[in-house]
There are 2 protein chains.
Amino acid sequence: MRDALLLKYFMVKSSEFQHPQKSFNSSTHKGYNSFVLPYFLSNLYQRFSKNMTNTTLKKISEVLGFSISTISRALKNHPDISIKTKQKVIELALALDYEPNASAVQLRTRHSKIFGVMVPTISNFFYDSFIASVEEESRKQGFSLIILQSGDNIETENENLKLCRQNRVSGLFACLGSNTKDISGFLKMKEQDIKTIFFDKVPEIDGLNKVCMADTRAGEIAAETILRAKKKTVLAIFGNTNLSITKKRETAFCATFKSKNSKTKLLVEHASNSESARKIVSSWLNKKILIDTIFCMSDEILIGALKAIQEKGFSIPADISIIAISNGFIPGLYHPSITYVETSGYQLGKLAFTQMMACLAGSDTIPEQMVEAKLVNGGSI
Amino acid sequence: MRDALLLKYFMVKSSEFQHPQKSFNSSTHKGYNSFVLPYFLSNLYQRFSKNMTNTTLKKISEVLGFSISTISRALKNHPDISIKTKQKVIELALALDYEPNASAVQLRTRHSKIFGVMVPTISNFFYDSFIASVEEESRKQGFSLIILQSGDNIETENENLKLCRQNRVSGLFACLGSNTKDISGFLKMKEQDIKTIFFDKVPEIDGLNKVCMADTRAGEIAAETILRAKKKTVLAIFGNTNLSITKKRETAFCATFKSKNSKTKLLVEHASNSESARKIVSSWLNKKILIDTIFCMSDEILIGALKAIQEKGFSIPADISIIAISNGFIPGLYHPSITYVETSGYQLGKLAFTQMMACLAGSDTIPEQMVEAKLVNGGSI
DNA sequence: AGATAATTTGCAAACGTTTGCGAGATGCTT
DNA sequence: AAGCATCTCGCAAACGTTTGCAAATTATCT
């Protein structure tokens, strides 16, 4: 092992001795250096016989004969350090695969370059695209992501918050569990100066940073689309009534119906999951009332509704029309693909990230931000 | 802010002064202590006026008059420390919301209690259930997870590995990108003593820790199921041919067909994504050859195939049968639900996790482990 | 040449823990 | 009363960085 490293180093060395005058190129950090071999050798040996798995600033400093602080500054391209020195340092650091110890940096600088992300569950078309999006941006900016699932469980939620605090995350993206009422745990984050961006399911109190979907607008668009198509009897299915997301969508949807003063008949139902949505739709389709359109406020409900329709053998949109609010993935699985109002987790992620960066840069509290809703036409209505 | 903390502390204190003889209960860490107020007050004030956001061992030690090492040991329930002292320490730590600084612990102990997880993308029914599963177990064992997406991009993959090294993760769960040939980056992890468990798409060389789906068996089961149903003409669609997962499934599937020496006709195709699968199926359905069964080796392919079938207006299984290898989510979206051979990401996650724990406990390299495949009957064949 | 300025580098403290070792205090044995 | 074991606790070093400040060196200016 030690020999392997020495060998590796010498290979780098010897290749350079073949081009001793190669000039220093600051962009690639490769070049020529000229310290005395015997000294270097003895030191290198000494260091590596002690512990050869990790290269540290200290190790580099002992090999090169500079102090640790010089090495540190050289690697950060600090103006105090001369080009010649930087050249030597960077070269050796590269040869020895130096990689700064994140814990030490965190400890010293007090910021971790890590974000926490808490969602009820990761196995969800919406959250996973949100996370994917945030991860993408974070990586670009040199941040890592710690993912946490609350499982809609309040205790787990608090444990997760604790984990974030212990890891001194730089910021937290948080989606509340559906039954989380007490957000004191989240407020504690603020005390510790951990910036928190709430998304999707957000607390109702003011003074927090939140990003949301344009749920009200989404409800309106769906209703408008149905009315424009001059449908007669609409079955609208919404989710858990104590979620603000449900309230917003339902209120907007129903209000639009009333305001347009149409003769369209509206039937409203609530389903807690796919299966209950399936049953509801199934039972309505067996009644005498002729339903010509179904509106589903979420993917989960859409899945159930479609099953019921398929069971019944109805074809879309000939026998019945359907429209949903969705992320887009599920609607694309069927033929004809389902018309939906798009609420993109991916875009919400982008928005949340820019808001986080703004927070870290100093702006304290920013007014609630929204991702626009827009209609995506499939062939289902 | 400072006042708030003092107030909080005094509330805790005063509530205890009402029950001065409450006995020490080591399991709840609550109890009575009796140090002199004025001393405590002056110290507390002094400390908090300096920096009141974070409670540290030092702070507790100064308030209580014990050394830092005593505080540290007391909080870990070290036998050297007397019950009385532990009582005082734990009580104050609780009152001040002490939370150990993870960076400092990591730096000192050289293990981070963080696992890395690298997948091509997180937005995927299979990977997200894998991650969800690993996250669940990790949290139970006090580990956090850093999620990384390679996006099937080799550079990103290496960057991510670097991040893991810099964060000194305790272990890494890794799924190779589809075009990753050079795994030297992963071997470097081993040098740094970072245990790596490969899953799903694993390197072909030996001596590494891998967990896989029983892909060969899955292919066999699918083939056997089709033969048992006495189908005449089967269109089998596989994925990217240079993935070992494809090779295994295809080889097993085809071998089973041959070995049974049946008269069933087998047509083999390859599709790189959903859309190409849709086109392939679509064009076959338009030919004169009467295909009565379609086999799809993955969810992606299944989605495409089903679209083609729906477009054509065929009904399942009356006009055509279909069977897939899948995680189970997609097959459940249709009616009748699709019969599939289950390869559960969730179970794979559990397996990977136990293997990781075994690795950390010392066992060096464990023979490749598999998650069993089993048939889940829908109504599609 | 001497003084001053500019450049280059090193010293040492700090971040918050953990832990081997040793010291003082207490209790027990003969 | 002396010896010894046991119980508590503190000292100090270490983990790998970053950074204010001072020191040493070199260049520049009268």
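These numbers were taken from a predicted model, which means no experiment stands behind them. Sequence lines set the chain letters: A, B, ... in the order given, protein chains first and strands last, and positions in each chain run from 1.
Straight-line distance from the CZ atom of A:R168 to the P atom of C:dG16: 8 Å, rounded to whole Å. Atom CD1 of B:I60 is separated from atom C1' of D:dG10 by 17 Å (rounded to the nearest Å). Rounded to whole angstrom, the span from the CZ atom of A:F66 across to the P atom of D:dA24 amounts to 18 Å.
Residues forming a ring-ring contact (aromatic ring centres under 6.0 Å, His included) with B:F115 (at least two apart in sequence, or on another chain): B:F143, B:F173. With sequence neighbours excluded, the residues forming a salt bridge (Lys or Arg N to Asp or Glu O under 4.0 Å) with B:E136 are B:K350, listed by chain and number. Every residue two or more places apart in sequence or in another chain that forms a side-chain contact (heavy atoms from CB on, under 4.5 Å) with A:S69 is listed here: A:S67, A:R73. With sequence neighbours excluded, the residues forming a salt bridge (Lys or Arg N to Asp or Glu O under 4.0 Å) with A:R139 are A:E135, listed by chain and number.
The side chain of B:S67 has D:dG10 as its nearest neighbour among D:dT19, D:dG10, D:dG16.
At a threshold of 4.0 Å, the pair A:K59-A:E62 does not count as salt-bridged, since none of the basic side-chain nitrogens sits closer than that to a carboxylate oxygen.
Residue order along DNA chain D, read from the 5' end via each residue's closest nucleotide, puts B:T109 first among B:T109 and A:T109. Projected onto DNA chain C by closest heavy-atom contact, B:L57 and A:S69 fall at different nucleotides, the more 5' of which corresponds to A:S69.
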Could you pull out the protein-nucleic contacts involving nucleotides 21-28 of chain C (nitrogen or oxygen on both sides, under 3.5 Å)?
none

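Sorted by first then second residue, the ring pair (Phe, Tyr, Trp, His ring centres under 6.0 Å) pairs that include residues 57-99 of chain B, not counting sequence neighbours, number zero.
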